[in-house]
Amino acid sequence: FSRLKQGLGKTSTKLSDGITGIFTKKKLEAATLDDLEDVLIEADLGVDTAENIITALRKGRFEKDISADDVRAVLKAEVERALAPVARPLVVDGTHKPHVILMVGVNGTGKTTTVGKLAAQFRGQGKKVMLAAADTFRAAAIDQLGIWGKRTGASVVSGAVGADAAGLVYDALTRARDDGADVLLVDTAGRLQNKEGLMEELAKIVRVLRKVDPSAPHDVLLVLDATTGQNALSQVEVFRQRAGVTGLVMTKLDGTARGGILVAISAKHAIPVHAIGVGESIDDLQPFDAGEFAQAIAG
Ligand code: GDP
């Protein structure tokens with residue numbers, strides 16, 4: 001929890017300073033509530049959550065004395081309420097062998113790093129893990145995945161730069177099945193410059209996975225970068241419609257003041273949030289806990 005609390009420090013300081021700045025007056029008035037709503041929206045919490053917090057305060061506290069701590073308590077409760085329904089662990093329980101996890105998202109959000117962190121966690125549970133380097137556009141992505149494979153003891157299936165990603169994924173799943181792997185993590189490309197091309201490629205990858213195992217992929221995880229704020233929200237919309245996203249991982253919650261975006265996304269889309277990234281190291285991927293997140297954000 002201390003890692004999360006430290007990571008979300010900037011988000012919570014921004015909110016907390018905003019709240020302290022407003023609630024120096026004693027009585028809760030309409031103007032104070034307007035100012036508070038601005039602070040909440042600027043912290044990327046989203047209009048819906050901001051309105052819920054304002055409504056909760058107006059109902060219970062209007063024209064009454066109120067302190068900054070009282071406001072923070074309401075903030076925590078509302079954030080937790082928005083997040084609790086989506087906080088869900090990623091379950092890889094041996095039902096599918098291999099359990100196929102397709103990682104999708106825009107370049108730079110932290111897909112490859114998250115693949116590495118997940119591989120480390122699964123290896124720690126004694127699972128046999130295979131990685132497929134299906135971001136065949138970037139030599140750096142292929143190299144990175146190779147490094148994560150060595151570091152975690154996962155085997156890696158990769159091809160040359162420019163190789164057909166779907167063909168590579170077909171080979172990877174066939175090999176993972178023949179080798180008795182427990183988990184196959186598929187890293188994909190994320191070039192948004194060519195959105196149609198990208199979405200078609202993802203659809204093709206899903207089709208070839210299903211040729212080998214009709215129930216695959218078992219998870220489609222969208223990796224989002226918290227520092228991109230509202231952009232993350234539009235990425236959810238695009239990838240959800242086109243790539244059948246089943247769950248989210250939000251990275252880079254360390255050191256951003258925009259951590260509130262996870263609340264806005266969860267209030268709008270009822271997609272499970274499985275894990276959060278709070279740093280670049282191998283052990284900086286945490287299961288997502290609504291209560292802890294709310295506590296860390298509300299200061
Ligand atoms: P990809 O293009 O989506 O595969 O993104 P990468 O995995 O290559 O990550 C892009 C950059 O973000 C790298 O420098 C990572 O070390 C960094 N990164 C990934 N996750 C996190 C995180 O949770 N926190 C921080 N601070 N950096 C991260």
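Start at 1 and go down the list; that is how both ligands and their atoms are numbered.
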Residues at least two apart in sequence or cross-chain that pass ring-ring contact (aromatic ring centres under 6.0 Å, His included) with His218, listed by chain then number, are His96, His99
Could you check whether Arg191 makes a cation-pi contact with Phe137, meaning its NZ or CZ is under 6.0 Å from the centre of the six-membered ring and within 45° of the ring axis?
yes
query = Under 6.0 Å from the NZ atom of Lys204, do we count more than 12 heavy atoms belonging to anything else shown?
reply = no
Task: Over 12 foreign heavy atoms within 6.0 Å of NZ, Lys127 - done: yes
Residues pairing under salt bridge (charged side-chain N to carboxylate O under 4.0 Å, His left out) where one sits in residues 176-188, two or more places apart or in two chains, turn out to be Lys97-Asp182
Within the 4.0 Å heavy-atom cut-off around ligand 1, the contacting residues, ordered by chain and number, are Val106, Asn107, Gly108, Thr109, Gly110, Lys111, Thr112, Thr113, Lys117, Arg138, Thr251, Lys252, Asp254, Gly277, Val278, Gly279, Glu280
Side chain to side chain contact (heavy atoms under 4.5 Å, CB included) filter on Gln6, not counting sequence neighbours, yields Arg3
